[in-house]
Amino acid sequence: MADLTIRNVGKRYGAVRVIDGLNLDIHDGEFLVLVGPSGCGKSTLLRMIAGLEEISDGTIFIDDKIVNDLPASKRDLSMVFQSYALYPHMSVRKNLAFGLQNLKMSRKEVTRRVDEAARALQIEPLMDRKPRQLSGGQKQRVAIGRAIVREPKLFLFDEPLSNLDAELRVQMRVELAALYTRLKSTMIYVTHDQVEAMTLATRIVVLRGGKIEQVGTPEELYNRPANLFVAGFIGSPKINMLPATIQTGPDGQRQLKCVDFAPFTPGVLPDAGAEATICVRPEAVRLGAGQVQTTGTVRLVEYLGSETLVYLDLPSGQSLLFHGSGRDSHKQGDSVIVGLDLADMHVFDADGQRVAPAAAQAA
Amino acid sequence: MADLTIRNVGKRYGAVRVIDGLNLDIHDGEFLVLVGPSGCGKSTLLRMIAGLEEISDGTIFIDDKIVNDLPASKRDLSMVFQSYALYPHMSVRKNLAFGLQNLKMSRKEVTRRVDEAARALQIEPLMDRKPRQLSGGQKQRVAIGRAIVREPKLFLFDEPLSNLDAELRVQMRVELAALYTRLKSTMIYVTHDQVEAMTLATRIVVLRGGKIEQVGTPEELYNRPANLFVAGFIGSPKINMLPATIQTGPDGQRQLKCVDFAPFTPGVLPDAGAEATICVRPEAVRLGAGQVQTTGTVRLVEYLGSETLVYLDLPSGQSLLFHGSGRDSHKQGDSVIVGLDLADMHVFDADGQRVAPAAAQAA
Amino acid sequence: QDRSIRHFWWGNPTRDERTFQVIDLFKAAHPQIDVSGEAIGWGDYWTKMATQTAGGNMADVVQMDHGFINEYVSRGALLPLDEYVGNGLQLDHYDDGANAVGTINGGLYGVSIGSTSQAIPYNTRVFEEAGVEFDPLNWTTEDFAAACARITEHTGGAVTGSEDLSLYIENFEVWVRQAGREMYSEDGKIALTVEDVRSYWDFWGELREAGVIEGPDATVRLDKGMSELGIVRGTSAMTFRYANQVGAVQSLMADPVGAAMVPHRAGMEYGHFVLPSMFLSMTRDAGDKEAVIAYINHWITSPEAIVTLGLDRGIPPSEMGREALAPHMSEVDSRVVAYFSGIQDKIGPTPTRKPKGAGEVRDNFMRTGTEVVLGNMPASEAAERFVEDAGYILERAQ
Amino acid sequence: MGRALLPPPFFANFRCPLMRRFFSRNLPGYMFLLPWLLGFFLLALGPILASLYLGFTRYDMVSAPRWVGLDNYQYMFERDRRFWKALEVTFTYVALAVPLRLAMALAVAMLLDKGLRSIGLYRAIFYLPSILGASIAIAILWRAMFGIDGVVNQALALFGIQGIGWITTPSTSIYTMVVLAMWQFGSPMLIFLAGLRSIPRDLYEASEIDGTSPVRQFFRITLPLLAPVVFFNLVLQMIEAFKTFSSAFIISNGTGAPADSLLFYTVYLFNEAFRFFRMGYASALAWVLLVIIAVITVIAFATSKYWVHYENERD
Amino acid sequence: MKARRKKRARNARLLKHVFLIALSFIMLYPLLWLFASSLKPESEIFASLALWPSDIQWSNYTEGWYGLPVSFTRFYWNSTIVTVLSVIGNLISCSFAAYAFARLQFNGKTLLFSLMMMTMMIPYHVVLIPQYVLFLNLGWVDTYLPLVVPRFLAADGFFIFLMMQFFRQIPRELDEAASIDGCSPFKIYWAVILPLSLPAMATAAIFSMIWVWEDFLAPLIYLNDIDSYTVPLALRLFLDQEGQSNYGQMFAMSVLSLVPVLIFFIAFQKLIIRGIATSGMK
Ligand SMILES: Nc1ncnc2c1ncn2[C@@H]1O[C@H](COP(=O)(O)OP(=O)(O)OP(=O)(O)O)[C@@H](O)[C@H]1O
Ligand SMILES: Nc1ncnc2c1ncn2[C@@H]1O[C@H](COP(=O)(O)OP(=O)(O)OP(=O)(O)O)[C@@H](O)[C@H]1O
Ligand SMILES: [Mg+2]
Ligand SMILES: [Mg+2]
């Protein structure tokens with residue numbers, strides 16, 4: 001029920017431009033995830049959509065209605081604040097019920113919804129406490145609860161799960177997904193957790209410095225990052241980046257020359273002589289033969305339980321990260337063969353724009 | 001220079017017991033990570049160590065001195081608050097310098113340390129702002145900065161990286177690790193991020209409901225969880241749990257019977273007839289033959305970029321999770337062989353205590 | 001200068017200025033004595049005085065009022081001056097009886113520094129315009145009522161004849177004395193009768209009924225300041241004051257003010273008496289008594305001082321003083337002095353001293369009178385009640 | 001790590017551990033309270049106890065006080081009609097003036113809190129009457145305004161209402177004092193303003209998001225969060241109202257007139273003490289008032305648990 | 001549509017201003033009257049309530065200033081000394097006590113707090129005399145000590161309680177953070193609590209300035225020498241209910257005596273700004 005259109009929206013604090021000429025169409029029923037480095041303007045954007053922050057330039061439409069001047073209370077949306085902003089003088093129960101009572105809902109319905117949310121968020125034993133008697137994670141769950149009971153047409157979540165433990169986070173993710181399925185509301189969700197972004201999003205927006213770097217489905221972003229920034233930002237552990245130069249090969253075809261590998265051609269390349277960057281995801285690196293290959297030495301093995309990170313030194317001294325399963329048994333100092341496949345490579349030009357492959361397959 | 005000894009420490013809020021008879025020895029120079037579900041008492045414990053929370057029962061020693069009544073200001077420690085608690089009226093620079101000025105440090109040294117921390121935390125452009133002009137993640141970094149500039153003998157971190165993006169989080173982790181290496185201070189660190197816990201900790205403490213469930217190195221906790229709770233809590237995605245019964249096999253040996261598999265003996269088992277739980281990490285599951293095996297159907301494939309989660313239905317209807325690399329290409333509805341190795345199994349008795357294998361190898 | 005005394009008085013800017021000049025004169029004459037002058041307005045004066053008395057830190061010389069002097073004397077806060085009379089303190093030039101009120105239980109506790117008597121200040125312009133002819137020094141209550149009616153009628157009610165004086169116990173006192181009685185008996189009891197009170201209130205009640213004096217709204221504000229008087233605000237043509245205050249009334253008004261006697265009831269006495277408008281007293285806490293006496297003496301004997309002080313504190317109670325002053329008087333001053341001289345032969349004996357509790361009786365008179373003015377109680381009932389209450393009050397105050 | 005440790009506090013080498021503990025726990029508190037403790041015990045307590053003692057004496061401020069036991073209190077309760085009258089006047093005033101004044105102050109503070117231009121000017125203007133306080137000018141003006149031909153009646157005449165002398169009619173005079181109190185709402189207004197400005201903005205934002213109407217926001221968010229300040233104003237205004245002196249004193253020329261309808265408790269007390277030289281009786285009056293105020297204050301504090309929320313209070 | 005909404009918002013704002021301006025006039029009337037009276041000839045002040053004097057007499061100001069035996073220059077100087085010292089004393093000592101009551105733990109807190117409240121409940125007039133005797137014995141009468149010293153000893157419970165209520169609203173975590181940063185309780189008070197209670201401190205400063213500046217009872221009782229009088233006490237010198245008063249000059253000086261108060265108010269009310277205490281919190 002809520003299409004959201006953002007046109008040339010900008011936000012300035014004095015001389016500081018925080019959001020800069022932003023355009024975005026969010027369709028009804030979308031689950032849009034907003035990611036980006038700390039301080040890039042995610043919260044600000046959310047707050048502008050909510051109507052809490054004045055819009056310096058541009059226009060925001062909800063369902064084709066300009067809402068720039070519509071107060072937050074009339075926008076029929078709910079929001080989880082990054083800072084929670086729980087009402088300190090109300091018990092948890094009242095915090096949850098407050099928004100519903102504003103809607104003049106029947107007492108029974110309020111109780112039903114509140115109880116249901118409390119159950120889903122596992123805060124039932126805390127219902128009569130005041131916020132100051134809660135732990136960080138408990139507060140955060142109450143904040144989520146306050147947003148979800150209202151079931152509006154638009155949800156805004158600002159890092160709603162950041163203070164929860166892994167298990168709870170998974171459970172909450174499932175609850176939010178279920179809520180989304182049930183209500184079919186539009187959701188805009190800020191997170192730093194890539195797993196959350198990947199599993200929940202229908203589309204992801206990558207913001208940087210108040211500008212959109214790329215919008216797309218999780219797969220698109222992961223497999224076809226539009227630029228070097230997105231490539232580096234999406235994916236954990238971080239993608240490997242190797243500098244390269246474009247040169248003309250003996251057959252006249254343009255080739256990429258990267259110091260540790262023989263020249264190769266991963267797709268259509270721009271003019272020779274230009275600098276480029278080759279990116280390969282750590283889990284796409286093979287310790288064994290590949291379409292191009294070299295030798296490497298194991299510098300460090302980081303053991304993370306279910307997975308292992310192997311830091312490799314290439315002959316030129318460049319570093320390369322290999323991401324393997326928890327069963328991997330390489331040891332520091334081991335010599336290994338390092339192989340890469342052309343299909344796994346992302347090539348970016350000197351400006352950081354993607355050049356090849358024009359269309360990558362799912363890795 | 002800071003040994004910390006916690007003896008029978010308890011904390012009550014009215015009738016609510018938050019910490020209950022806790023004993024813990026933290027050695028000088030340790031990097032102790034505290035994990036546990038939301039609301040289990042991590043922050044409370046930290047605050048008691050810091051001297052911010054009155055200790056209801058028991059004793060805390062720092063370097064063999066009882067500190068129960070020592071005010072926080074005299075304990076020579078620094079702390080990152082879960083809620084940041086930045087001084088709202090001071091610029092970022094002053095926030096960082098404030099603690100140092102209290103030490104009557106030379107102006108030059110203050111500037112040096114503050115600048116260094118600002119650089120490490122990438123908040124240099126923000127130094128003259130007030131906290132209200134910062135984003136959530138920026139505030140959090142300032143909070144970290146305030147703690148680290150003081151270089152005390154004991155650091156307390158309460159979820160210091162929860163609001164940072166993945167890349168920054170890795171960088172900060174590296175900075176903290178470097179700090180730890182440089183200062184050799186004792187660090188106590190609360191986190192919900194398993195990667196942080198695994199990479200930073202010399203030992204991990206798992207808390208639940210104010211009690212310690214297990215203390216050990218990251219490997220110990222991952223590979224030899226002392227009980228069902230720790231097994232379930234550590235590791236993401238969550239460990240698979242299969243109910244089983246202990247029975248006496250045809251050769252008189254005790255066996256485990258789990259509905260989807262033939263009986264097997266993973267180690268010394270308690271009395272026959274008792275209930276037990278078998279746990280297997282998702283990444284230890286094989287889609288292929290194993291020491292015990294069965295068939296399964298792919299119910300759902302969750303694609304997370306570098307990794308893939310495959311939810312399997314076993315013949316009995318039980319669910320099993322397989323964690324594979326991002327290259328995995330199973331599709332919903334596929335039939336697969338599911339194999340498990342005995343060495344990868346953790347068996348817990350009816351009380352949730354570990355019974356076998358008595359000593360597991362690294363998976 | 002090794003001797004010093006403090007002098008405390010209530011005042012106003014003019015009086016303060018004059019008093020400081022007298023202090024300077026005294027200091028010039030007695031270079032070894034330093035006098036520090038302490039002044040404040042009337043309302044605050046008594047609060048401060050009470051506090052200082054309680055603290056045993058009274059100024060050496062204080063200014064006293066006839067309403068208060070007995071309160072302080074009876075509690076031993078003032079010292080008798082008798083031993084200094086003729087022995088540092090020259091009083092031989094004083095009018096007879098000038099110090100009668102200051103003489104209490106046979107001791108002289110306050111030297112009068114100004115005499116006065118009751119008076120009815122009236123707006124001469126209004127009187128003239130209304131064509132009222134009367135003898136200010138000899139008129140009756142009937143004349144008074146007629147004048148009120150005439151003025152009210154002439155101005156169409158814009159200016160009434162007089163303020164309603166129902167609540168002025170000072171005016172009432174004259175009424176009582178006209179009948180040959182005193183307010184209080186020698187032993188400090190009520191001496192007036194219920195009939196005195198009733199008749200007084202009824203007299204004013206009739207005028208009020210007739211609408212020729214100010215209405216209750218203006219009347220029931222008690223202890224009005226000068227600025228609130230009907231004569232000052234132009235809403236009435238007469239009020240009640242002591243003669244020495246007529247100058248002050250004039251200072252707030254553009255029209256010329258005259259002074260008339262309180263009208264007497266036909267066939268009765270005039271009821272007026274002379275009383276000191278202020279006293280100088282020496283207090284219990286006085287240190288250098290010699291210096292105090294020298295100071296007081298300077299006030300009453302130095303012609304320079306008397307001229308400096310002018311009429312501000314009342315009319316000098318000595319022939320010598322009045323003569324010294326005569327060439328320096330303003331027009332209104334002359335009128336006042338003429339008035340004062342004119343009534344000399346109509347003056348009765350000094351009243352009995354006011355007992356402790358007289359101040360409270362005064363309050364009670366106003367309070368009870370208010371009920372009458374507002375029409376909440378008939379005058380007869382109120383009069384009985386007043387006399388009864390006054391008895392209680394005096395009893396409790398002893 | 002070499003670090004200049006603070007010198008040990010003086011009580012560190014007390015032998016008795018209990019003493020040591022007592023000091024380490026209490027010392028900072030007592031140190032900060034020291035000025036007040038000195039002031040209280042050296043300057044305030046003595047006079048207060050003295051007044052308590054004087055309440056049992058007959059004391060005319062010149063001769064020494066004479067012990068009379070409970071006489072003063074007995075007289076007060078059994079025979080003193082004016083005491084009861086003073087109580088009636090004062091209670092009426094407190095019951096009306098306090099809530100009305102606070103409501104006025106809060107309403108204007110709310111108006112001024114929202115970002116208006118020239119807000120500083122308005123603040124100053126609204127505070128002006130309070131600056132004028134209980135001056136003689138105010139008394140003169142007030143009497144004139146509410147007089148029979150005053151501005152108020154002139155305004156009423158526009159509506160065809162025949163006015164009366166509001167101050168001089170005993171049954172209405174007290175209300176002019178109430179109006180005066182309302183008009184001088186500056187101090188509570190300023191405190192409310194400061195309080196309103198301390199409310200975290202994000203709570204308003206949260207309630208906006210929750211779709212709260214302005215009225216509901218006021219009652220459910222603003223008011224509860226302002227409760228500590230409301231409570232302060234309530235208690236203090238109540239105490240001050242019970243002790244109202246200056247304005248009543250000057251408007252009634254110190255007498256409580258007309259017909260004792262402005263006989264505020266403290267006006268009565270002042271007259272007893274300073275005009276009729278009965279400081280002993282006045283002291284007794286004072287202690288009765290003190291007990292009345294204390295009881296009401298204690299009740300206010302007791303109920304405050306249920307409606308005043310202190311975010312930082314430990315429980 | 002947007003325009004209409006804007007218009008409605010503007011109308012609402014306009015309405016508010018109209019209301020405020022109307023209210024302002026009611027609030028201002030007495031001051032205007034006072035000012036007008038200060039320009040009127042004596043005989044006109046009480047004859048009419050009109051705001052416009054028939055003949056503007058600035059002489060009330062010049063003559064009023066020098067109309068008393070001691071000039072107002074002196075009284076202003078006296079008042080300034082007393083007020084400056086008192087305000088400083090009040091702010092320091094009351095905020096100390098408030099900090100102790102609001103933030104520190106010590107035995108007997110409830111009792112002491114109750115006693116503090118009690119000092120506010122007792123009618124001042126009955127402690128006047130015992131207090132006078134006390135100061136007299138200390139030899140302080142006829143000096144400024146009785147006016148100033150009690151302010152340094154937190155005599156005014158009003159401010160203690162006021163500041164307490166505001167201190168209690170500051171997030172305790174900020175104290176805790178400062179404590180971790182090695183701050184003594186004093187440093188916490190000084191570096192954290194005080195700067196964060198700016199609105200409250202400004203309010204307290206305004207009140208305490210105005211009340212001290214206008215206080216006349218204590219100066220009346222404790223000051224004897226006219227040279228040491230404060231402005232409000234001096235104003236009382238103009239008035240003689242029974243004799244010659246100088247209302248015009250008194251009003252002129254009253255108007256002037258409001259000037260410092262107004263300046264102080266306008267300067268300090270700016271500090272009643274948006275509280276920021278929670279912006280450092282998550
Ligand atoms: N004032 C209080 N009264 C009652 N219970 C409280 C109070 N403060 C905290 N608790 C409870 O104590 C428990 C421990 O809180 P604590 O903040 O230590 O949790 P935590 O482990 O840090 O959780 P999180 O990861 O969510 O921050 C929580 O269950 C909380 O509800
Ligand atoms: N009042 C202000 N004045 C100046 N700059 C501000 C102000 N408020 C925010 N900013 C800046 O605006 C930028 C965007 O802030 P925002 O809170 O939207 O970031 P964010 O993307 O939510 O970051 P995070 O992930 O850390 O929460 C930040 O760089 C911040 O420093
Ligand atoms: Mg943010
Ligand atoms: Mg916590």
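Below, read A as the first sequence line, B as the second, and so on, with proteins coming before strands; counting in each chain starts at 1. Values below: all heavy atoms of this structure, side chains included; hydrogens, waters and symmetry mates excluded.
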request  = Against chain B, work out which of R141(A), E219(A), Q140(A) has the most heavy-atom pairs shorter than 4.5 Å and name it.
outcome  = R141(A)
ask   = What part of P218(A) lies closer than 4.5 angstrom to a heavy atom of chain B: side chain, backbone, both or neither?
value = neither
ask   = Which distance, rounded to the nearest 0.5 Å, do you find between the CG of L161(A) and the OG of S162(B)?
value = 11.5 Å
request  = Select, from Q82(A), H192(A), Q122(A), K139(A), the one with the greatest count of heavy-atom pairs under 4.5 Å involving chain B.
outcome  = H192(A)
Residue among A197(A), A166(A), P37(A) with most heavy-atom pairs under 4.5 Å to chain B = P37(A)
key: Portion of V18(A) that has a non-hydrogen atom of chain B nearer than 4.5 angstrom   = neither
query = Is any residue of residues 38-48 of chain A within less than 4.5 Å of chain B by heavy atoms, and which ones?
reply = S38(A), G39(A)
ask   = Roughly how far, to the nearest 0.5 Å, is the CD atom of E159(A) from the CG atom of D165(B)?
value = 9.0 Å
ask   = Heavy-atom distance under 4.5 Å between the side chains of K238(B) and V170(A), does that happen here?
value = no
note = Value for CZ (F229(A)) from CD (E167(B)), rounded to nearest 0.5 Å, stands at 7.0 Å
inquiry  = Need one label for Q138(A): side chain, backbone, both or neither, based on atoms under 4.5 Å from any heavy atom in chain B.
reply    = both
task = Among V16(A), L221(A), N163(A), V195(A), single out the residue with the greatest number of heavy-atom pairs under 4.5 Å to chain B.
result = N163(A)
